[in-house]
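Here the structure comes first, spelled out in structure tokens, and everything after it is commentary.
Predicted, not measured: the structure shown is a model, and the values here were computed from it. Atoms considered below: every heavy atom in the structure, side chains included; atoms not considered: hydrogens, waters and symmetry mates.
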Amino acid sequence: MMGSSDEDQCSGETDMLDIGQEQSSRLADHELKEMLLKKYSGCLSRLRSEFLKKRKKGKLPKDARSALLEWWNTHYRWPYPTEEDKLRLAARTGLDPKQINNWFINQRKRHWKPSEGMRFALMEGVAGGSSGTTLYFDTGTIGP
């Protein structure tokens, strides 16, 4: 197989056609991209600015956190503030009651481990005070 054959010439022509098609495809892609950018650039910049606005609000103020932690440390054995406690804390810290509630939910989830004795803690009057209802936690026992 010496010299040039018909196959070599056809192969070279095919390669040139592929390169030409690839370049025209790139050019078409570039033109499409430019057209879309011109048409939608206003929308894209508005969307970008909206996404940049929506940032995480961040941590609560330091004095509010310290007031909540103070209550937490005082009531560590049973860190479930009453509605009155939450309202007092909201007034003291300047936070919304929902923020107070969420802080306690997160704090209990992240940092509270009920003591071993808490498993057998006794709650009386669950069903209205003097009914004699007894509830033992974690044992599954309910009744007088």
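Atom OH of Y40 has 12 or fewer neighbouring heavy atoms from other residues, nucleotides or ligands inside a 6.0 Å radius. The environment of NE2 in H30 is sparse: at most 12 heavy-atom neighbours from other residues, nucleotides or ligands sit within 6.0 Å.
Rounding to the nearest 0.5 Å gives a distance of 3.5 Å between CD1 of I100 and OG1 of T93. Taking CD of E31 as the start and OG of S24 as the end, the distance is 10.0 Å to the nearest 0.5 Å. To the nearest 0.5 Å, the span separating CZ on R108 from OH on Y76 amounts to 12.0 Å. Distance check, rounded to the nearest 0.5 Å: SG of C43 to CZ of R48 gives 15.5 Å. One finds the CD atom of E83 at 7.0 Å from the CG atom of N101 (value rounded to the nearest 0.5 Å).
By the 30° and 60° cut-offs, the orientation of the rings of W112 relative to W78 is perpendicular.
Residues L68 and L89 form a side-chain contact, since some pair of their non-hydrogen atoms from C-beta on lies under 4.5 Å apart.
Shown here for F104 and P79, the closest heavy-atom pair between the two residues is CD2-O, 4.1 Å. Closest approach of P81 to K86, counting heavy atoms only: O-CE, 3.5 Å.
At least one donor-acceptor pair under 3.5 Å links the side chain of T74 to the backbone N or O of E70. At distances below 3.5 Å, at least one donor-acceptor pair connects side-chain atoms of H75 with backbone N or O atoms of W71. A distance-only check finds a donor-acceptor pair linking the side chain of N73 to the backbone of L69 [under 3.5 Å].
By the 4.0 Å N-to-carboxylate-O rule, R26 lies too far from D29 to be salt-bridged with it. Classification of K38 and E34 as a salt-bridged pair fails, no side-chain N sitting under 4.0 Å from a carboxylate O.
Between the side chains of D85 and T82, at least one donor N or O lies within less than 3.5 Å of an accepting N or O.
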